[in-house]
Amino acid sequence: MSENEDAITKETIPDGNTRRDAFVKIGVGSLCVACSGAAVFGYDFLSPNVLYEPSPVANAGKIGKFPPDSVTQDAQSGIYIVHAAEGIYAMSAVCTHLGCLTAWKPELGIIACPCHGSKFGRDGVKLEGPAPRPLEWLKASISDEGDLLVDRSAPLSEKQFVRT
Amino acid sequence: MAATLSQQLTALRRTRVWRSVFRGGNGTSNLDRALAVQQNLFLHLSSVKVRKRSLAFRVTWFLGTLCMGALMILVATGIPLMLYYHPSVPQAYADMKDLQSVVSAGVFLRNLHRWSAHAMVLLVFAHMFKVFYRGAYRPPREFNWVVGVILLIVTLLLSYTGYLLPWDQLAFWAITVGSNLLSSVPVIGPKVRFLMLGGNTVNANALLRFYVLHCVILPLTAATFVAVHFWRIRKDGGIYPGKDHKHA
């Protein structure tokens with residue numbers, strides 16, 4: 001009986017697939033396109049294009065306010081300004097372990113992190129873990145007005161001093 | 001002569017209003033009692049009948065039920081807390097302090113929410129260990145174990161996102177540390193951190209994202225998987241009776 005009935009229930013199209021197969025492929029295909037589009041759209045939507053975060057360049061104030069042989073901490077911008085024998089340098093106060101804000105301990109002469117107990121020297125060298133790396137030195141420069149500018153987005157690969 | 005309470009309830013179940021609300025199981029026969037469960041949207045997730053011994057304390061220590069209880073307390077206390085809380089900087093911290101000292105019963109609701117959250121994490125882990133050591137994860141219940149793992153992760157994420165909302169020092173640094181942990185994941189870590197925080201630092205965007213996750217997205221996810229979890233208990237043959245009762 002089947003030849004005639006087959007022609008009715010399974011209308012074949014040239015490549016041998018049934019019409020239902022073709023519609024399923026079109027349906028699943030367009031669903032995949034829509035899902036990838038939604039994923040791209042969603043990723044784009046969730047990434048902010050404008051951030052209202054503080055500028056990475058922090059103004060630490062007049063260069064003259066850092067006395068020789070001193071460590072000055074600016075907790076607001078998360079940096080240290082150290083006036084050493086070689087000159088002035090800037091370091092990030094953000095712990096290289098998990099990003100807590102470290103603090104200068106003048107009575108001990110070291111920098112310590114309150115979160116997990118890492119300790120650093122005043123030149124950022126790691127004295128005690130769990131921090132994996134020394135504190136980052138940051139690019140510092142003097143503006144035309146005589147202010148010390150510290151770029152927190154620019155960690156230095158080697159030590160660099162600002163002469164006064 | 002006054003009717004007994006049970007007679008009054010029977011009469012109530014025969015009223016037209018009751019019968020229009022509850023489609024089946026309005027009588028007191030076993031069939032009616034079974035229908036009362038089976039015909040109810042919420043109750044039908046559970047079994048119509050359970051073995052008496054699976055209700056014994058030693059079988060489950062009621063840990064799954066206790067988890068659900070903690071979750072219900074968290075929803076019931078969390079929604080009122082939302083009415084006095086603005087997820088903005090620095091208002092969030094002030095609102096939290098107001099809940100503690102100014103809002104009537106605010107400190108009660110907040111502490112109940114906080115302690116229930118701690119309890120729920122504890123209970124979810126205890127539930128997992130209990131299921132593991134009884135061997136209740138074995139087929140045919142292996143998929144419900146997977147659902148349970150998803151619920152564990154959702155519970156931990158709810159706990160983590162809720163931790164930021166007081167916007168105090170503890171919250172800020174805990175999320176700073178936690179999000180920096182995330183960025184040590186190879187390749188995608190820093191990008192996921194950026195999307196999660198909505199920026200490079202824990203800031204107003206992060207607070208708002210955590211708030212939406214904590215109050216909308218994660219609770220809805222939890223509710224969905226809790227429904228599947230309960231339904232699968234019934235579908236997989238009820239609570240695991242123990243290895244001595246293979247065909248029970």
Side-chain angles (χ1 to χ4, degrees), chain A residues 36 38-58 73-79 92-104 111-120 126 128-136 138-139 150-155, chain B residues 86-93 156-157 159-161 163-164 166-218 220-221:
Chain A
S36 351
V40 172
F41 179 86
Y43 177 82
D44 207 36
F45 176 77
L46 289 173
S47 312
N49 295 321
V50 179
L51 287 175
Y52 300 92
E53 291 175 352
S55 161
V57 179
Q73 176 166 18
D74 186 350
Q76 205 56 49
S77 54
I79 54 173
S92 169
V94 177
C95 184
T96 53
H97 179 220
L98 287 171
C100 289
L101 204 59
T102 59
W104 166 243
I111 291 164
C113 181
C115 285
H116 307 103
S118 296
K119 294 185 177 69
F120 306 90
K126 187 182 96 180
E128 210 173 291
R133 294 183 305 280
L135 291 178
E136 282 171 341
L138 300 174
K139 189 167 175 53
V150 179
D151 187 352
R152 290 173 286 173
S153 66
Chain B
H86 304 79
S88 61
V89 180
Q91 186 63 35
Y93 178 75
L156 295 179
L157 287 175
S159 183
Y160 182 68
T161 50
Y163 210 80
L164 181 64
W167 199 247
D168 53 8
Q169 285 290 315
L170 190 63
F172 181 86
W173 292 108
I175 304 308
T176 298
V177 165
S179 63
N180 280 326
L181 276 170
L182 181 63
S183 62
S184 62
V185 173
V187 189
I188 59 163
K191 202 70 219 178
V192 174
R193 177 180 188 266
F194 183 77
L195 290 182
M196 187 179 83
L197 298 181
N200 299 305
T201 57
V202 179
N203 220 320
N205 279 358
L207 181 60
L208 194 55
R209 280 178 191 212
F210 274 48
Y211 177 76
V212 173
L213 281 169
H214 187 79
C215 299
V216 182
I217 297 171
L218 291 171
L220 287 178
T221 311

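Nothing here was measured: the structure is a model prediction, and the numbers come from that model. Order of the sequence lines sets the chain letters (A, B, ...), proteins ahead of strands, with each chain counted from 1.
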Evaluate whether atom CG of B:Leu156 has more than 12 neighbouring non-hydrogen atoms of other residues, nucleotides or ligands under 6.0 angstrom away.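 Counting neighbours around CG of B:Leu156, more than 12 heavy atoms of other residues, nucleotides or ligands fall under 6.0 Å, so yes.
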Taking NZ in A:Lys126 as the centre, count heavy atoms belonging to other residues, nucleotides or ligands within less than 6.0 Å. Is the count above 12?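 It does: A:Lys126 NZ has more than 12 such atoms within range.
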Student check: side-chain heavy atoms of [X] and [Y] closer than 4.5 Å:
| X | Y | answer |
| --- | --- | --- |
| B:Leu195 | A:Tyr43 | yes |
| A:Leu98 | B:Thr176 | no |
| A:Leu51 | B:Phe194 | yes |
| A:Tyr52 | B:Asn205 | no |

State the OG1-CG distance between A:Thr96 and B:Asn180, to the nearest 0.5 angstrom. 11.0 Å
Engaged part of A:Leu46 at the chain B interface, taking heavy atoms whose separation is under 4.5 Å: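 Looking at A:Leu46, backbone and side chain both touch chain B.
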Applying a strict 4.5 Å limit to non-hydrogen atoms, the region of A:His97 in contact with chain B is neither
Shortest non-hydrogen contact between A:Pro48 and B:Gly199, atoms and distance: CG-N, 4.4 Å
Chain B interface, residue from A:Pro114, A:Cys100, A:Cys115 that has the most non-hydrogen pairs under 4.5 Å: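 Result: the option with the highest number of such pairs is A:Cys100.
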Side chains of B:Asn200 and A:Glu53 only: does a donor on one sit below 3.5 Å from an acceptor on the other? yes
